Amino acid sequence: MMKSLFRPRTVPGKQVLDDHHALVASIERRGLLRGGLSLGALTMLTGCDVGRPEAVESALQSISSFNDGVQAFLFDPNKLAPTYPESMVLKPPTFNAYYDVADVKPIDGASWRLELAGLIADKKPWSGAQIATLPETDMIIRHVCVEGWDYIGQWSGVRLRTFLERVGADLKARYVVFQTADNYPSIIDMATALHPQTLLATKYAKEILPDLYGYPLRLRMATKLGYKNPKWITAIEVTNSYKPGYWEQKGFNFFGGI
Ligand SMILES: Nc1nc2c(c(=O)[nH]1)N[C@H]1C(S)=C(S)[C@@H](COP(=O)(O)O)O[C@H]1N2
Ligand SMILES: [Mo]
């Protein structure tokens, strides 16, 4: 069951858009349609018949995927997202997952291993202790969830770029795919994977990641919405084939930029 604070601003035919709230929220969040998505604007842009639910669905899909292409094209691999002073860091952070906080199953860090797959030269698994020997970077960034809340958080860990170089990943491949202990598959484009503010995070506010926030390893990207940042990572795959993640399978867009 998806939780969303999004409410379409139009009154007539509101139900039609409610039926597609995942897609609508994603389009709205990215500001593609200024002033909010109205049925009038939708009809004008797509020529679709808003009385037919299938037409609305495919119109929304086409707006969403069009914007994915534009965003990927405009993504500047060297442009940094804003960072903030330590005094603004929220402790503890805000929890979210597709299930309740009481259902989080902590991972045993001692037996946990990070598995590697796909276009990677050295696929031997990594323990937490081995990952801790890699160079550590720190960033204080804003986390934005599509549900309409955000917070400033401080994350530390190894840059994903450093890790991918270390294991001999094909940096010309298209995607990096993540598997997690709670079955929340995630996928990002290689340009974002190589961005300097993309970390495999092991700490929050300078302390070992608490169980709720992804212990022992999670992805943290300054350039992506909350849902693109998998917690409790168990495997990383480098690949050229597109494998939609948990929310992409439900209609959210692939790029998910802030
Ligand atoms: N494995 C896993 N990662 C996840 C999720 C999830 O349900 N499972 N939810 C995502 C969403 S929607 C958000 S907003 C952030 C929340 O991260 P936080 O609890 O550290 O603030 O985690 C993301 N990563
Ligand atoms: Mo989210």
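Predicted, not measured: the structure shown is a model, and the values here were computed from it. Atoms within a ligand are numbered from 1 in the order they appear, just like the ligands themselves. Count residues from 1 along the sequence.
The distance from ligand 1 to the heavy atoms of T180 drops below 4.0 Å at these ligand atoms: 1 (N). Short contacts between ligand 1 and P230, defined as distances under 4.0 Å to a heavy atom of the residue, involve ligand atoms 3 (N), 24 (N). Applying the 4.0 Å criterion to heavy atoms of R218 picks out, from ligand 1, the atoms 17 (O), 18 (P), 20 (O), 22 (O). Every atom of ligand 1 is numbered from 1 in the order shown, and the set under 4.0 Å from a heavy atom of F95 is 19 (O). The distance from ligand 1 to the heavy atoms of T94 drops below 4.0 Å at these ligand atoms: 18 (P), 19 (O), 21 (O). Each of the atoms 18 (P), 20 (O), 21 (O) of ligand 1 lies under 4.0 Å from some heavy atom of Y151. Less than 4.0 angstrom separates some heavy atom of W232 from each of these atoms of ligand 1: 1 (N), 2 (C), 8 (N). Under a 4.0 Å criterion applied to the non-hydrogen atoms of C145, ligand 1 contributes the atoms 14 (S).
Between P185 and K243, the closest side-chain pair of non-hydrogen atoms is not below 4.5 Å. L199 places none of its side-chain heavy atoms less than 4.5 Å from the side chain of L219. Proximity of H195 to M221: side-chain heavy atoms (C-beta onward) are nowhere separated by under 4.5 Å.
The existence of a salt bridge linking E86 and K206 is confirmed by a sub-4.0 Å separation between a basic side-chain nitrogen and an acidic carboxylate oxygen. Salt bridge status for R161 with E165: present, with a side-chain N to carboxylate O gap under 4.0 Å. For K123 and E115, the salt-bridge test fails: no basic side-chain N is under 4.0 Å from an acidic carboxylate O. By the 4.0 Å N-to-carboxylate-O rule, D122 lies close enough to K124 to be salt-bridged with it.
Looking only at protein heavy atoms, the nearest one to atom 15 (C) of ligand 1 is H143 CE1, 3.6 Å. The closest protein non-hydrogen atom to atom 24 (N) of ligand 1 is N229 O, 2.9 Å. Protein heavy atom closest to atom 1 (N) of ligand 1, with residue, atom name and distance, is D182 OD1, 2.8 Å. Of the protein's non-hydrogen atoms, the one nearest atom 19 (O) of ligand 1 is K231 NZ, 2.5 Å.
Close N/O approach between Y98 and ligand 1 is found [any backbone or side-chain N/O within under 3.5 Å]. Taking only nitrogen or oxygen atoms, main chain and side chain alike, N96 reaches within less than 3.5 Å of ligand 1.
Nearest approach of D100 to F95, heavy atoms of both residues: C-CE2, 4.2 Å.
Contacts with ligand 1 closer than 4.0 Å are made by no heavy atom of Y246, backbone or side chain. Of all the heavy atoms of Y184, the ones lying under 4.0 Å from any atom of ligand 1 belong exclusively to the side chain. Neither the backbone nor the side chain of P93 has any atom closer than 4.0 Å to an atom of ligand 1 (non-hydrogen atoms only).
The six-membered or imidazole ring of F254 lies near that of Y242, with a centre-to-centre distance under 6.0 Å.
The aromatic rings of Y151 and W155 are tilted relative to each other, their planes meeting at an angle between 30° and 60°.
Partners of W126 according to the ring pair (Phe, Tyr, Trp, His ring centres under 6.0 Å) rule, which considers only residues two or more places apart in sequence or in another chain, are F163.
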